[in-house]
Amino acid sequence: MEPGDGQKSRILVIGGTGHLSKFVVAASARAGHPTSALVRATAPPPSPSSSSSSSRARLLQSFRDAGVTILQGDIGDHDLLVKAGRAADGVTPAAAYHDVGEQDKIIAAIKEAGNIKRFIPSDFGNDADHAHIVEPRAVEAEGIPYTFISCNFFAGYYLPTLVQPGASGLPAHRVVVVGDGNTQAIFVDEEDIATFTIRAVDDPRTLNKVLHIRPPENALSMNDLVSLWEKKVGSNFERVYLTEEEVLRQIRECPELSIDLAILHSVYINGDHINFEIEPSVGVEATEIYPDVSYTTVDEYLNRLM
Ligand SMILES: NC(=O)c1ccc[n+]([C@@H]2O[C@H](COP(=O)([O-])OP(=O)(O)OC[C@H]3O[C@@H](n4cnc5c(N)ncnc54)[C@H](OP(=O)(O)O)[C@@H]3O)[C@@H](O)[C@H]2O)c1
């Protein structure tokens, strides 16, 4: 599994139809890895992150067209996971953060399969050692070779609402700004996250490390982001600044917004995307080690929303 030795590892994506994982499946196939995607047999009920049954069918067809092997099943099927794991070198699951129990099932299957050379846990958020959001890291304790991906904000989750808590579209005249608006957040297009993730699988430099994705042009404060958008649309927005006290009150009193606001508190008040240097013994930065990957800038992403 050395870069350049001509051997592309076999990749298994568990939950290949998710918001991020569909990009990971596509990036893996595009990079020439023999790729399998484990998907559930039936489409889930509609939710913001789930696809309709027709778009799901189209997605699965696009996987087949790209040469991806589709395995039908559930994370709860231990024997299937072990069998799929034995036919793979690198595994990345895509269950959402609250499905920690699902990740434990995957870890148990990987341990039994015994041959996995790289496991990419489904964190895909902030670095848990630095962010003040606790995520268990059973994988380290189990001795499975891993790479954690610390990709900061998914551009596709946050930019289409201009980081507005609880919103489903772009603001019209008014934006809520958590904190003083001067702390930077880092945005990364999902397609780029997938490309960097797949590059990391066969790379010894990322073994048992955190791969931080910090595209230099994509660190923007909320004030800068709003100004950039204002310039594009040619009008100014009223900015409503929420103090930390107000954010904490809303986290306590508005359960429907509490997760969104807790994340925004971590990023815009604690500064968890940018408040630490990457320590080389435990982490590497993606755009530094893969300078040939041309990433989408926030500016370009906002143009798509016009
Ligand atoms: N940094 C950020 O800005 C950010 C934003 C959002 C999410 N995240 C993190 O990124 C990761 C991926 O999130 P996401 O939003 O892409 O997830 P998602 O869209 O909810 O996808 C989850 C995937 O897991 C599959 N799955 C769930 N339970 C399963 C089971 N029992 N058996 C088989 N498959 C199962 C789902 O299958 P179905 O398609 O059949 O439902 C789906 O494909 C999570 O850790 C999340 O916390 C980060």
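Order of listing sets the numbers, starting from 1, for every ligand and every atom in it.
At a threshold of 4.0 Å, the pair K22-E191 does not count as salt-bridged, since none of the basic side-chain nitrogens sits closer than that to a carboxylate oxygen. Taking 4.0 Å as the cut-off between side-chain N and carboxylate O, D189 and R304 count as a salt-bridged pair.
For ligand 1, the atoms lying closer than 4.0 Å to a non-hydrogen atom of Y158 are 3 (O). For ligand 1 and F153, the ligand atoms under 4.0 Å from any heavy atom of the residue are 3 (O). Close contacts between ligand 1 and R56 involve ligand atoms 38 (P), 39 (O), 40 (O) [criterion: under 4.0 Å to a heavy atom]. In the vicinity of T17, heavy-atom distances shorter than 4.0 Å reach the ligand 1 atoms 37 (O), 38 (P), 39 (O), 40 (O), 43 (O). In the vicinity of L20, heavy-atom distances shorter than 4.0 Å reach the ligand 1 atoms 16 (O).
Heavy atoms only, all atoms of each residue included: I120 and T92 are closest at O-OG1, 3.1 Å. Heavy-atom minimum distance, V201 versus G90: CG1-CA, 4.3 Å.
The shortest N or O to N or O distance between C151 and ligand 1 is not below 3.5 Å. Below 3.5 Å of separation, one finds no N or O of G16 facing any N or O of ligand 1. Inclusion of D74 in the set of residues having an N or O under 3.5 Å from an N or O of ligand 1 is warranted. Distances between N or O atoms of R40 and those of ligand 1 include at least one value under 3.5 Å.
Heavy atoms of F154 found under 4.0 angstrom from ligand 1 belong to the backbone as well as the side chain.
Other residues, nucleotides and ligands contribute at most 12 non-hydrogen atoms within 6.0 Å of the CD atom of E245. More than 12 non-hydrogen atoms from other residues, nucleotides or ligands lie less than 6.0 angstrom from NZ of K232.
At least one heavy atom of N152 sits less than 4.0 Å from an atom of ligand 1. Residue contacts with ligand 1 do not include E190, since none of its heavy atoms lies under 4.0 Å from the ligand.
The ring of F187 has its center closer than 6.0 angstrom to the ring center of F153. Checked against the 6.0 Å centroid threshold, H212 and F148 do not count as a close aromatic pair.
With D77, V24, V13, I75 as candidates, the residue nearest to atom 32 (N) of ligand 1 on a non-hydrogen basis is I75.
Using a 3.5 Å distance cut-off with no hydrogens or angles, the side chains of E190 and H19 do pair a donor with an acceptor.
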